[in-house]
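This is a predicted model, so every value here is computed, not measured. Chain A is the first sequence line, chain B the second, and so forth, proteins listed ahead of strands; every chain is numbered from 1.
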Amino acid sequence: MDKNFGGVIPEKPALPAVFRDLEDLVLQSGWTKGLERSVVDHVLGSMHERYVPTGGFVAQSGAPVQDWIGVISGLAKMSVTTSDGRLSTLIGAPPGTWFGEGSLIKSEARRYDVVALRPTRIALMPARIFEWLRETSIPFNHYLQHLLNERLAQFVGLLKSQRLQGTDERVAHCLATLFDSPLFQEPYFLEVNQEEVGLLANVSRQRANLALKRLEELSLIRVEFGGLVVLDMAGLKSFGREPS
DNA sequence: ACATTAAATTCGA
DNA sequence: TCGAATTTAATGT
């Protein structure tokens, strides 16, 4: 039974754009730029896809690394657990993220837990194919350099915001770095509850709530039940550092 | 920590 | 299969 509220339709937030399947992800990823179509097809043929339910492991710390991993849809978090404590720092992996190349290059065991925050589909590229691309493709190597550089910048930025900015700024910064993907067009909904935001930004849930409301005041986001809508990603990114 | 509200699930017809 | 009742999860203060 649907009701008509005088033509006023409650607006549904747009869902984030997400990759359709493995092939869609690969074809749209930066590293296929400059690769021969035949090479891409060969690589595609070697890859497979895996579904990970909420709370499931995408990758486990200590496990041998067999694949380079890309996120097709859903959302995962990478967490580093300290040897003794349960204190873990978190990094988000939205669709389009590729990770694990560090351990692949050094051929060591995984150093992070990667856990699905919601039902997630991942793409797996076997280590041998990854190696083969590194050995034979300059464009692929250029992409890896770009990726590593980006990640370094992300870490530096994170460290900076943790050290010399207030809580609201940290929360804004975390949201921006974790969920900034060129695929996402504002406004888009993020299914992340306030407790998780707190974990990501290293603040209590209560404080995260205050920070989110503040960001809502500024029309950068809209707070909803069980998540939030990003209205202005650029604003989130620059929040807390006006002067150049 | 507590009160409130949204959503999900169960239950009875 | 519908909707009211109950339980669970998330929010706001």
Side-chain angles (χ1 to χ4, degrees), chain A residues 1-18 50-58 60 71-81 85-95 97 112-122 158 161-162 165-181 183-240:
Chain A
M1 167 90 55
D2 40 9
K3 294 178 179 175
N4 189 336
F5 299 97
V8 179
I9 297 160
E11 86 182 70
K12 279 283 177 186
L15 288 175
V18 143
R50 192 151 66 84
Y51 170 79
V52 182
T54 301
F57 281 102
V58 172
Q60 287 216 48
V71 179
I72 299 169
S73 65
L75 182 66
K77 67 175 180 188
M78 307 175 59
S79 59
V80 195
T81 73
R86 39 186 5 269
L87 212 56
S88 53
T89 326
L90 310 168
I91 288 253
T97 303
Y112 313 108
D113 285 322
V114 183
V115 177
L117 288 177
R118 49 174 127 146
T120 297
R121 289 160 73 204
I122 60 174
L158 186 64
S161 81
Q162 291 269 119
Q165 292 193 302
T167 303
D168 294 342
E169 286 79 7
R170 273 217 312 281
V171 171
H173 186 265
C174 281
L175 290 176
T177 54
L178 298 187
F179 305 118
D180 176 30
S181 164
L183 296 167
F184 292 179
Q185 295 185 296
E186 298 131 318
Y188 59 89
F189 181 72
L190 287 176
E191 196 181 319
V192 174
N193 67 32
Q194 298 181 1
E195 188 176 3
E196 273 173 349
V197 170
L199 279 169
L200 293 164
N202 230 337
V203 300
S204 69
R205 182 190 67 75
Q206 285 91 334
R207 192 56 184 80
N209 176 267
L210 292 180
L212 290 176
K213 287 193 71 182
R214 170 108 192 275
L215 298 174
E216 184 173 42
E217 285 296 309
L218 298 168
S219 303
L220 299 177
I221 62 174
R222 191 165 72 241
V223 179
E224 301 202 346
F225 193 91
L228 54 93
V229 176
V230 177
L231 300 174
D232 180 0
M233 178 51 78
L236 274 182
K237 276 199 250 189
S238 62
F239 180 72

Original post:
Would you say A:Lys213 reaches C:dT13's phosphate, i.e. side-chain N/O to OP1/OP2 under 4.0 Å?
Top reply: yes
Original post:
Is there a side-chain contact between A:Leu210 and A:Thr167 (heavy atoms, below 4.5 Å)?
Top reply: no
Subject >> Spacing of A:Gln194 atom CD relative to C:dT13 atom C1', expressed in whole Å >> reply: 12 Å
**OP:** Check every atom of C:dG12, C:dA10, C:dT13 against the side chain of A:Phe225 and return the nucleotide holding the closest atom.
**Re:** C:dA10
**OP:** Let me know the distance between CD of A:Glu191 and P of B:dA6, rounded to the nearest Å.
**Re:** 18 Å
Subject >> Nearest-angstrom distance from the residue atom CZ of A:Arg205 to P of C:dG12 >> reply: 9 Å
**OP:** Indicate, with a heavy-atom threshold strictly under 4.0 Å, whether A:Asn193 touches base, sugar-phosphate, or nothing.
**Re:** sugar-phosphate
Original post:
CG of A:Leu228 versus P of C:dT11: gap in Å, rounded?
Top reply: 9 Å
**OP:** Would you kindly give the CD-to-P distance between A:Gln206 and C:dA10, to the nearest whole Å?
**Re:** 14 Å
Original post:
So, does A:Glu216 use its side chain to make a donor-acceptor pair with the main chain of A:Val223 at under 3.5 Å?
Top reply: yes
**OP:** Kindly say whether A:Val58 contributes a backbone atom to a donor-acceptor pair with the side chain of A:Arg50 at under 3.5 angstrom?
**Re:** yes
Original post:
Would you say the side-chain atoms of A:Glu186 pair up with the backbone N or O of A:Met233, donor to acceptor, closer than 3.5 Å?
Top reply: yes
Original post:
Starting at CD of A:Glu195 and ending at C1' of C:dT11, how long is that distance when rounded to a whole Å?
Top reply: 12 Å
Original post:
Could you give the CG-to-P distance, from A:Asn209 to B:dA3, as a whole number of Å?
Top reply: 18 Å
